[in-house]
Amino acid sequence: MQIKKHIPNAITLLNLASGLLAIIAIFKGYYDEAFLFVCLGIFFDFWDGFFARKFKVSGELGLQLDSLADVVTSGVVPGLMIFKLLLDIQEDSTSVYYLTEEYYYMGFVPYLGFIITLASAYRLAKFNIDTRQTDSFIGLPTPANALFIMSIPMIQFDGTHEWLVNALFNPFVLIIISFVSAYMLNAEIPLFSLKIKDFSWDKNKLQVFFLTIAATLLLFLGFTALPIIILLYVLLSVINNTFLVKN
C-alpha cells in the first residue's frame, strides 16, 4: 500500500523532469527534442491523476505537485519556445526582421513570449480553487496549449505549406499567437476534459471520438494537424455544451 501511495506523485515528477529536459533542449536549439519531451511530460500528466484515483490515494500534495509540474512543462517551456523563436528571427542576418543597432530597442520583443508562462501559471492556480473544473475545464488546458505552441517550430522546419511557414517566421504573427494563447487559457469557455477517469464508454465516448479524429489528422497531416486539433477541441466543446449537455 505504501508503494501505491507514491506511484502517482512519482509519475508527476516524471512530468516535471520532462519539462526540465525540454528547457535544456530549447537552449541548445534542439526544438524537435523539446517537442518530444513536452509530449512525454503530457503523457505522464495524463496518467498521474488516473492512478491516484485508481489506488484511492488522491490528496492535496498530489494536486499541488501536479500544478507545479505543469507550470514548468506546459507553462515555462512554451513561453521559452516563443522567446527563442523570436530571438532566432532577430539574430538571423538574412531575415528582414534582423535586429540592427538602429533598432536595438526592439530587443524586448522576444520577452513577450513569456506572457504564455504568466497566463499558464494564473490558469493553473485558478484551476486548483475553481470547483467548476472538477469534471471539465474552463479555458484551454495548459497541456493542449503547450502542444500547440511546441508545434510551431516543427511546422516551420517541416516546410510542407510554404505560406504557413512564412507566416510563422513573422514575429508579429508569433506575438499575436502568444496573446491569443494567453487569452484562451483563461477564457470563460467550458471545455470537456481529456483525462479518462475510468473505462466506461458512456462517460468517455466524446474523448474517444476526439482522440480518434486527432490521431487520424496527425497520421495524414503531421505536425500541421496540431493547430487544427486544438481548434477542433474547442469547437467540439462548444457543440457539446450547446446541444448535447442541454439535451
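This is a predicted model, so every value here is computed, not measured. We're numbering straight along the sequence, starting at 1.
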Completion exercise
In short, salt bridge (Lys or Arg N to Asp or Glu O under 4.0 Å) pairs touching residues 174-191 with sequence neighbours left out are R132-E188

Fill in the blank from the handout: Those residues at least two apart in sequence (or on a different chain) that pass side-chain hydrogen bond (donor to acceptor under 3.5 Å, both in side chains) with Y97 are N170

Practice task
Could I get the full list of ring pair (Phe, Tyr, Trp, His ring centres under 6.0 Å) partners for F169, not counting sequence neighbours?
Solution key: none

Output a table of donor-acceptor pairs, distance under 3.5 Å, between side-chain atoms of residues 209-216 and any protein atom two or more places apart or on a different chain; print 'none' if there are none.
from: T212; atom 1: OG1; to: V208; atom 2: O; distance (Å): 2.7
from: T216; atom 1: OG1; to: T212; atom 2: O; distance (Å): 2.9

Exercise for the section: Could you list the residues that satisfy side-chain hydrogen bond (donor to acceptor under 3.5 Å, both in side chains) with N166, not counting sequence neighbours? Expected result: none

Only distances under 3.5 Å count here; give the side-chain donor-acceptor pairs of residues 144-157 to other protein atoms, sequence neighbours excluded, each with its distance to 0.1 Å.
from: N145; atom 1: OD1; to: S181; atom 2: OG; distance (Å): 2.5
from: N145; atom 1: ND2; to: S181; atom 2: OG; distance (Å): 2.9
from: S151; atom 1: OG; to: F148; atom 2: O; distance (Å): 2.6
from: Q156; atom 1: NE2; to: L168; atom 2: O; distance (Å): 2.7

Practice task
Verify whether the ring centers belonging to F137 and F192 lie closer than 6.0 Å.
Solution key: no

Please list every donor-acceptor pair under 3.5 Å in which a side-chain atom of residues 9-28 meets a protein atom from a residue at least two apart or in another chain.
from: T12; atom 1: OG1; to: P8; atom 2: O; distance (Å): 3.0
from: T12; atom 1: OG1; to: D48; atom 2: OD2; distance (Å): 2.8
from: N15; atom 1: OD1; to: T73; atom 2: OG1; distance (Å): 3.0
from: N15; atom 1: ND2; to: D70; atom 2: OD1; distance (Å): 3.1
from: S18; atom 1: OG; to: L14; atom 2: O; distance (Å): 2.8

Practice task
Could you list the residues that satisfy side-chain hydrogen bond (donor to acceptor under 3.5 Å, both in side chains) with S178, not counting sequence neighbours?
Solution key: none

Practice task
Name all residues meeting the side-chain hydrogen bond (donor to acceptor under 3.5 Å, both in side chains) criterion together with Q64; count only those two or more places apart in sequence or in a different chain, and write none if there are none.
Solution key: E60

Fill in the blank from the handout: Taken in chain and number order and not counting sequence neighbours, the residues that satisfy ring pair (Phe, Tyr, Trp, His ring centres under 6.0 Å) with F44 are none

Exercise for the section: List in chain and number order the residues that pass salt bridge (Lys or Arg N to Asp or Glu O under 4.0 Å) with D92, two or more places apart in sequence or in another chain; answer none if no residue qualifies. Expected result: none

Exercise for the section: Could you tell me which residues satisfy ring pair (Phe, Tyr, Trp, His ring centres under 6.0 Å) with F37, sequence neighbours excluded, listed by chain and number? Expected result: none

